[in-house]
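Treat the numbers as computed from the prediction; the structure is a model and nothing was measured. In what follows, chains are A, B, ... by sequence order, proteins preceding strands, each numbered from 1.
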Protein chains: 2
Amino acid sequence: MDLHSIKVACSSCNLRELCIPVGLGAEELAQLEQLIPFRRRVRRGGTLFSAGDPFTSLYAVRSGFFKTCITTVDGRDQVTGFQMAGEILGLDGIVQDKHSCSAVALEDAEVCVLPFDKLEQLSREFSTLQHHLHRIMSREIVRDQGVMLLLGSMRAEERLAAFLLNLVQRLHARGFSKTEMVLRMTREEIGSYLGMKLETVSRTFSRFQEDGIIEVKQRYVRILDADALQRIVNHGDTDA
Amino acid sequence: MDLHSIKVACSSCNLRELCIPVGLGAEELAQLEQLIPFRRRVRRGGTLFSAGDPFTSLYAVRSGFFKTCITTVDGRDQVTGFQMAGEILGLDGIVQDKHSCSAVALEDAEVCVLPFDKLEQLSREFSTLQHHLHRIMSREIVRDQGVMLLLGSMRAEERLAAFLLNLVQRLHARGFSKTEMVLRMTREEIGSYLGMKLETVSRTFSRFQEDGIIEVKQRYVRILDADALQRIVNHGDTDA
DNA sequence: CGGAGAGTTGACTGCCTTCAAGGCACGTGG
DNA sequence: CCACGTGCCTTGAAGGCAGTCAACTCTCCG
């Protein structure tokens with residue numbers, strides 16, 4: 001394991017508006033900083049945790065990019081999400097004291113380790129933190145339900161359009177461009193997340209490009225007509 | 001609203017092994033009972049809460065059967081889950097202080113109302129309750145990820161087989177038959193949940209019946225060969 | 001008895017998958 | 001510096017699974 005014993009200062013972290021600290025007071029923040037013993041680096045391709053690993057901590061992504069995926073006994077495999085800076089990993093592990101999915105870094109990454117027992121202890125003292133933790137878990141539930149909607153009732157074009165808009169919006173909230181991005185994941189991983197085959201992902205990218213909605217070159221994507229993408233999501237009305 | 005002011009005794013509830021009380025001590029249980037002000041009845045077809053309603057409470061199903069569904073602005077609609085006795089509704093509402101989905105009773109139902117602020121307050125006092133609440137939220141996240149796997153990587157037969165096994169297993173845990181059940185939802189609702197059309201649901205039921213795996217008559221379903229169903233889930237190896 | 005909602009079944013269409021071949025980008029080593 | 005290998009991506013052709021449209025049946029209940 002690749003650990004740092006450097007103490008992390010949430011109060012001076014540039015992610016404090018996106019991460020756990022949102023809305024916490026000064027004293028709570030100070031306490032929160034106490035409980036974070038270290039950061040952990042994960043190299044590209046490395047796993048932060050694997051399905052079955054004992055659950056001890058939540059992880060806040062500080063930098064880098066992750067995917068989470070589940071594998072079934074019969075070899076079925078599915079990406080359940082992509083996580084970027086400020087997002088929380090590991091909530092799946094609480095219920096059974098072991099992780100039910102694996103978290104893999106898609107690029108070199110760094111996470112803050114939040115020992116869960118200490119987080120619970122602290123959230124018994126500070127109701128703001130407690131409520132915040134509950135909100136984070138609830139947000140994950142709502143997010144998952146959105147994915148269920150996407151997988152259950154959208155067609156390929158709609159899924160990919162929704163995916164691109166979601167990704168660029170999250171990147172924008174982190175100070176990146178509203179229209180350009182470099183994808184960290186392969187077509188296959190996108191397909192796994194969206195419930196389609198990599199060829200279909202590729203073809204759909206090409207169709208969007210033909211229609212002048214986006215510009216694609218391998219991992220690079222530029223959104224030329226965000227409204228058109230949004231219209232595609234909103235019931236596949238492809239007319240301009 | 002159809003309310004009871006009758007106090008509920010968790011300690012004498014026949015669902016205590018399935019519901020919130022699991023694993024709580026006597027004192028915690030006593031406190032928990034204090035916070036439940038009333039039960040609420042919902043008639044078949046009635047809504048416990050609708051998307052957009054202010055969030056105040058979680059609900060523990062005491063009797064009856066619910067579906068939760070989300071509706072998008074463009075009219076897309078999807079069932080995100082079915083809930084039976086002992087299961088918790090409303091976790092989606094925490095993050096935005098309003099519900100993001102609607103809960104509809106599929107048969108006359110009764111729920112215990114758990115005001116969330118009081119639940120948080122109590123869980124600051126009792127770490128067992130606190131951890132239990134976290135487990136319930138984590139369980140929901142893991143459940144949703146299972147549905148994502150189903151929707152993203154299974155074919156129609158596999159989805160329905162997984163659905164039937166899941167349903168009968170949950171009913172069995174509540175003392176019902178391991179092989180027989182009466183569905184509370186329509187083909188359309190099953191289809192919406194499983195990401196398929198009602199005709200496909202119906203056809204798949206018929207095929208299972210032809211294959212001697214189940215017996216179906218409208219809402220009544222009897223599982224004749226649970227192993228065959230399990231094999232279908234495990235990668236569609238339809239051979240016996 | 002009649003109407004309405006729910007479910008079944010058939011025929012046809014179409015979207016996505018499958019299978020296959022080829023192209024592009026990048027890193028390594030001669 | 002360029003050849004070569006590898007992983008990733010693109011594109012084409014053909015086929016299958018589920019969707020669509022439509023007709024009919026069943027069940028329940030007023």
Inset, instruction - Could you tell me whether the phosphate oxygens of D:dT11, OP1 or OP2, come under 4.0 Å of any side-chain nitrogen or oxygen in A:S206? - result: yes
Legend entry - Selected nucleotide, minimal atom distance to A:K217 side chain, candidates D:dT11, C:dA25, C:dT18: C:dA25
Legend entry - Nearest-nucleotide pick for B:K197, side chain only, options being C:dT8, D:dG19, C:dT17: D:dG19
Legend entry - For atom CG of B:L198 and atom P of D:dC21, their distance in whole Å: 13 Å
Inset, instruction - May I ask you to evaluate whether A:R187 reaches the phosphate of D:dT10, defined as a side-chain N or O under 4.0 Å from OP1 or OP2? - result: yes
Inset, instruction - In whole angstrom, give the distance that lies between atom CG of A:L183 and atom C1' of D:dC8. - result: 13 Å
Inset, instruction - Measure from CD on B:Q218 to P on C:dG5 and round the result to the nearest Å. - result: 16 Å
Legend entry - Test item: B:V111 and B:R62 side chains (from C-beta on) under 4.5 Å apart, heavy atoms: no
Inset, instruction - Look at the side chain of B:R155 and decide which nucleotide, out of C:dC16, D:dC17, D:dT10, has an atom nearest to it. - result: D:dC17
Inset, instruction - Find the distance A:M154:CE to C:dC15:C1' and express it as a whole number of Å. - result: 17 Å
Legend entry - Ring centres under 6.0 angstrom apart (A:F82, A:Y193): yes
Inset, instruction - To the nearest Å, give me how far apart OH (B:Y220) and P (D:dT27) are. - result: 15 Å
Inset, instruction - Using atom CE of B:M196 as one end and atom C1' of C:dC15 as the other, report the distance to the nearest whole Å. - result: 17 Å
Inset, instruction - Figure out the CZ/P separation between B:R184 and C:dA6, and round it to whole Å. - result: 15 Å
Inset, instruction - Please state whether the base of D:dG12 and the side chain of A:R203 form at least one donor-acceptor pair under 3.5 Å? - result: yes
Inset, instruction - Would you indicate what A:T186 reaches in the nucleic acid, counting non-hydrogen atoms under 4.0 angstrom: base, sugar-phosphate, or nothing? - result: sugar-phosphate
Inset, instruction - Please assess A:E87 against A:R170 for the test salt bridge (Lys or Arg N to Asp or Glu O under 4.0 Å), listing each intermediate value before the final yes or no. - result: CA-CA 10 Å; A:E87 297 180 332; A:R170 281 154 69 199; 2.9 Å; yes
Inset, instruction - Using a cut-off of strictly less than 4.0 Å, decide whether B:R219 has a side-chain nitrogen or oxygen near OP1 or OP2 of C:dA6. - result: no
Inset, instruction - Name the nucleic acid region contacted by B:G191, choosing base, sugar-phosphate or nothing; use a 4.0 angstrom heavy-atom cut-off, strictly under. - result: nothing
Legend entry - Under-4.0 Å side-chain N/O to phosphate OP1/OP2 contact, B:T200 with D:dA18: no
Legend entry - d(CD, B:E188; C1', D:dG19) in whole Å: 14 Å
Legend entry - Sub-4.5 Å side-chain heavy-atom contact between A:D92 and A:H99: yes
Legend entry - Minimum-distance nucleotide to B:E199 side chain [options: D:dG19, D:dA22, C:dT17]: D:dA22
Inset, instruction - Answer yes when B:E107 and B:R184 have at least one side-chain N-carboxylate O distance shorter than 4.0 Å, and no when they do not. - result: yes
